Amino acid sequence: MTDAPLIELRDVTKAFGGVHAVDRVSLRLERGEVLGLLGHNGAGKSTLIKMLSGVFPADSGDFYVRGEKVDIREPRDAKELGIETIYQTLALSENLDSIANLFIGREKTSFFGFMDEVRMERAARETLARMKFNLPNLATLVSSLSGGQRQAIAIARAVLFKAEVLIMDEPTAALGPEETAKVGDLIRELAGQGIGIILISHDIHDVFALADRMLVMRNGKMVGTAPTKDVTEDEALAMIIAGNLPSALQK
């Protein structure tokens with residue numbers, strides 16, 4: 001179904017005890033789209049993406065990938081569907097170099113079962129070239145890389161294994177302006193190649209700079225969704241803080 005969204009969630013719900021962390025939220029992500037997911041702490045953003053990435057099974061609701069209904073019950077299910085999540089912690093091993101981090105747990109081996117370092121380095125360079133990101137020395141330990149370079153390695157690891165959907169949790173947190181701009185360039189480049197990106201951020205300026213569309217959550221519910229070009233930052237803040245829809249979005 002080529003016209004179907006890359007990802008679609010319909011009326012997804014998740015409760016912990018008597019608390020509805022996510023209450024009948026629907027989400028759509030098109031190929032090559034950057035979707036900004038906004039909301040205060042406790043709005044339900046993290047629970048929503050953890051259901052999409054297979055960390056939590058949904059209590060109810062339907063998941064569709066490329067128009068086909070799917071069942072995502074664990075992280076392996078999401079990865080097999082081409083959905084990769086890059087958490088704020090990045091989950092990199094600082095005592096290993098960039099190549100080892102790209103392939104950790106999925107190393108390439110030769111016919112005789114030995115680590116095939118030549119193939120891994122070639123694949124690493126091809127992936128970084130696709131991202132138009134230059135890292136001069138792949139043998140450098142990750143502990144010596146800058147925050148932006150680490151973010152690029154985490155993104156490259158997902159791209160290397162054929163991700164079609166990237167869920168990015170606060171990708172520019174704790175980065176300076178120059179490195180934030182470089183990560184923004186990476187996001188735009190990958191979206192331009194057809195990868196769908198869900199961008200979770202507390203920084204509304206980042207969302208308006210990078211996202212084609214935004215979805216706002218509050219108290220576990222969906223407030224609304226709109227192209228970023230159709231709302232102002234002040235209107236988005238009103239959605240986040242008070243749950244007020246701009247007049248242009250009201251029916």
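Only a predicted model underlies this, so the values are computations on that prediction, with no experimental measurement involved.
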Exercise. Starting from the C-alpha separation in whole Å, work towards a yes-or-no answer on salt bridge (charged side-chain N to carboxylate O under 4.0 Å, His left out) for Glu164 and Lys162.
Key: CA-CA 6 Å; Glu164 292 189 61; Lys162 313 302 182 187; over 6 Å; no
Co-membership, hydrophobic cluster, residues [X] and [Y], 4.5 Å side-chain:
X	Y	answer
Ile197	Leu160	yes
Leu48	Leu6	yes
Leu215	Val207	no

Using distance alone, with no hydrogens and no angle criterion, decide if [X] and [Y] have a side-chain donor and acceptor under 3.5 Å apart.
X	Y	value
Thr225	Arg213	yes
Asn41	His202	yes
Thr13	Asp59	no

Considering only heavy atoms from C-beta outward, does the side chain of [X] approach that of [Y] to under 4.5 Å?
X	Y	answer
Thr127	Leu102	no
Asp116	Val118	yes
Ile200	Leu37	yes
Leu245	Met239	yes
Leu128	Asn134	no
Ser26	Leu9	no

Quiz item: Checking Arg106 against Phe161: charged group under 6.0 Å from the ring centre and within 45 degrees of the axis?
Solution: yes
